[in-house]
Protein chains: 2
Amino acid sequence: MKSYTPDGHIETALTEKDAKELDIIELFFFAYRDFTADPDMILEKLEFGRAHHRVLYFVNRKPGMTVAELLEVLKITKQSLARVLKQLIDKDHIVQIQGPRDRRQRELYPTHRGRQLALELAAPQSRRIANALEQLDPSKRAVIEHFLKAMVNPAQWQQIDSLPKSG
Amino acid sequence: MKSYTPDGHIETALTEKDAKELDIIELFFFAYRDFTADPDMILEKLEFGRAHHRVLYFVNRKPGMTVAELLEVLKITKQSLARVLKQLIDKDHIVQIQGPRDRRQRELYPTHRGRQLALELAAPQSRRIANALEQLDPSKRAVIEHFLKAMVNPAQWQQIDSLPKSG
DNA sequence: AAATTAAGTCAACAACACTGACATAATCTT
DNA sequence: AAGATTATGTCAGTGTTGTTGACTTAATTT
């Protein structure tokens, strides 16, 4: 059914017959694109980028996190983290405190400003999610969460589970 | 309940009480991180990046797409697309054909090689999704699709709807 | 005392995005 | 037919976010 042209190019679209789950592959792309676009606009005004957002987010979710833990979650190198973290510290969004048990470690905490910004950045994302869930009946929430968690490598579920629940 | 320390840093974690849907915010982050990691490994060997993947994907999904259409979907500038597209053309994954109606346009088509690579890149992503769905009963598939579509800006639903269905 | 670990730093580099300016060819408008 | 607009391509410069590799410092472990 794949139609070839004289010069060898393909005119037939790739569809579900060729590869499964294409619809979800592209929905995931579009959803993530728009999901990140909202905070990006806020960050631009502060001369921060998406990398700053990620650091700020996780430090707020787990205050006292060490540098090594953060690197594990973000899956980037310490040199890459260094620049971004330095800027967040300089602009008084995060502070580093020498680890009490092991004084080589640096525990990361948000300042009041850092907490405020994290909340401001979370707001449009919460709104987008709440809006998407509203169109579903409440029992469906668990389905979404289960699906998303199953999309994550099981080896890293521990990262998710280590974050605090609603409390 | 927010506990301040003498020097002003915050030790209390950000939780659902402070901002809604945090669990889905972070699940979305982790899921997308791992979802893109699989094709990234394949691309590395070919000296391609994630940008090449996105171009190749959409050209395969809608052969004959023009440059302008692609820019709209990817939300990048033509200068940014140029480099990546040139490399895909040089390495014989995509061809450009002068538009038959409007000869200013360049219609983009995958070559056989380009189709093969698109399939190879889609494979691990399909597998990951199929595996995540397997743990749910089949009726739940529609719930996921509905949720993901609702996460996309309605103004861009037309981009999703313009892609070919299984047919 | 020696080895290892946590973190920081310097330097070079690459991918992928951006802005602004300009060129060419084709189409549309008047 | 002339002029304006459109689709694409290209050149040059810049910024963010990532990489590798090498080295330092201080603290902890062996």
Side-chain angles (χ1 to χ4, degrees), chain A residues 29 32-33 36-37 39-59 64-91 94-109, chain B residues 29 32-33 36-37 39-59 64-91 94-109:
Chain A
F29 164 74
Y32 200 76
R33 183 194 64 180
T36 51
D40 281 355
M41 283 175 55
I42 299 169
L43 290 159
E44 210 177 348
K45 287 178 284 188
L46 301 169
E47 309 205 274
F48 285 153
R50 204 173 289 179
H52 300 86
H53 186 186
R54 292 195 284 252
V55 170
L56 192 62
Y57 182 88
F58 286 107
V59 169
M65 215 179 200
T66 65
V67 170
E69 275 182 274
L70 192 48
L71 293 177
E72 253 306 293
V73 168
L74 300 178
K75 298 241 189 281
I76 59 175
T77 58
K78 67 176 169 179
Q79 296 93 326
S80 193
L81 175 61
R83 242 168 333 188
V84 166
L85 185 54
K86 191 175 190 317
Q87 291 167 339
L88 285 166
I89 291 168
D90 288 349
K91 294 270 178 73
I94 289 181
V95 293
Q96 276 179 314
I97 295 184
Q98 189 160 271
R101 298 159 273 274
D102 185 334
R103 292 184 303 168
R104 286 171 305 182
Q105 294 182 335
R106 300 288 179 270
E107 294 185 347
L108 304 171
Y109 293 93
Chain B
F29 164 75
Y32 200 76
R33 182 194 66 179
T36 51
D40 282 355
M41 282 176 54
I42 299 169
L43 291 159
E44 211 177 348
K45 287 177 283 184
L46 301 170
E47 310 206 271
F48 286 152
R50 205 175 287 181
H52 300 86
H53 186 185
R54 292 195 284 253
V55 170
L56 192 62
Y57 182 87
F58 285 108
V59 169
M65 218 180 197
T66 65
V67 170
E69 276 182 274
L70 192 49
L71 293 177
E72 254 306 294
V73 168
L74 300 178
K75 297 240 188 282
I76 59 174
T77 57
K78 66 177 169 175
Q79 296 92 328
S80 194
L81 174 61
R83 239 166 335 177
V84 165
L85 186 54
K86 191 177 190 318
Q87 291 167 340
L88 285 166
I89 291 167
D90 287 349
K91 293 268 178 73
I94 289 181
V95 292
Q96 276 180 316
I97 294 184
Q98 188 160 271
R101 297 157 273 274
D102 184 334
R103 291 184 303 167
R104 287 171 305 182
Q105 295 182 334
R106 299 288 178 272
E107 293 184 344
L108 303 172
Y109 294 92

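Letters go in sequence order (proteins before strands), and every chain restarts at 1.
- To the nearest angstrom, P of D:dT10 lies 12 Å from CG of B:Leu81.
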Side-chain donor-acceptor contacts of residues 48-58 of chain B below 3.5 Å, not counting sequence neighbours, with atom names and distances?
unit_1, atom_1, unit_2, atom_2, d
B:Arg50, NE, B:Asp40, OD1, 3.4
B:Arg50, NE, B:Asp40, OD2, 3.3
B:Arg50, NH2, B:Thr36, OG1, 3.4
B:Arg50, NH2, B:Asp40, OD2, 2.7
B:His52, ND1, B:Gly49, N, 2.8
B:His52, NE2, B:Gln87, OE1, 2.6
B:Tyr57, OH, A:Leu22, O, 3.3
B:Tyr57, OH, A:Glu26, OE1, 2.5

B/S/- along nucleotides 13-22 of chain C (protein heavy atoms under 4.0 Å) is ---BBSBBB-
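- Applying a 4.0 Å cut-off to non-hydrogen atoms, none of the residues of residues 65-73 of chain B approaches DNA chain C.
- Qualifying side-chain hydrogen bond (donor to acceptor under 3.5 Å, both in side chains) partners for A:Glu107, counting only residues two or more places apart in sequence or in other chains: A:Arg101, A:Tyr109.
- One can place CD of A:Gln96 at 9 Å from P of C:dA7, the figure rounded to the nearest angstrom.
- What separates CG of B:Asp40 from P of D:dT19 is a distance of 11 Å, to the nearest Å.
- When the side-chain hydrogen bond (donor to acceptor under 3.5 Å, both in side chains) test is applied to A:Arg104, the partners found at least two apart in sequence or on another chain are A:Asp102.
- Atom CZ of B:Arg106 is separated from atom C1' of D:dT6 by 13 Å (rounded to the nearest Å).
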Using a cut-off of 4.0 Å between protein heavy atoms and nucleotide atoms, how would you tag nucleotides 24-30 of chain D 5' to 3' with B, S and -?
---BS--
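- With sequence neighbours excluded, no residue satisfies salt bridge (charged side-chain N to carboxylate O under 4.0 Å, His left out) with A:Lys91.
- Rounded to the nearest 0.5 angstrom, B:Gln96 CD and B:Gln98 CD are separated by 10.5 Å.
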Side-chain donor-acceptor distances from residues 67-80 of chain B under 3.5 Å, at least two apart:
unit_1, atom_1, unit_2, atom_2, d
B:Glu69, OE1, B:Thr66, N, 3.2
B:Glu69, OE2, B:Lys62, NZ, 3.1
B:Thr77, OG1, B:Ser80, N, 3.4

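- For the helix from C:dA1-D:dT30 to C:dT30-D:dA1, the angle separating the two terminal helix axes comes to 20°, with each axis derived from five pairs and the value rounded to 10°.
- If you measure from atom CE of B:Met41 to atom C1' of D:dT19, you get 17 Å, rounded to the nearest angstrom.
- Atom pair A:Leu88:CG and D:dT16:P shows a separation of 13 Å (rounding to whole Å applied).
- Listed by chain and number, the residues in a side-chain hydrogen bond (donor to acceptor under 3.5 Å, both in side chains) with B:Arg106 amount to none (sequence neighbours excluded).
- To the nearest 0.5 Å, the span separating CD1 on B:Ile94 from CG on B:Leu88 amounts to 4.5 Å.
- Between the C1' atom of D:dT8 and the CD1 atom of B:Ile89 lies a distance of 12 Å, rounded to the nearest Å.
- Residue A:Ile94 contributes atom CD1, which lies 16 Å from atom C1' of C:dA7 at whole-angstrom precision.
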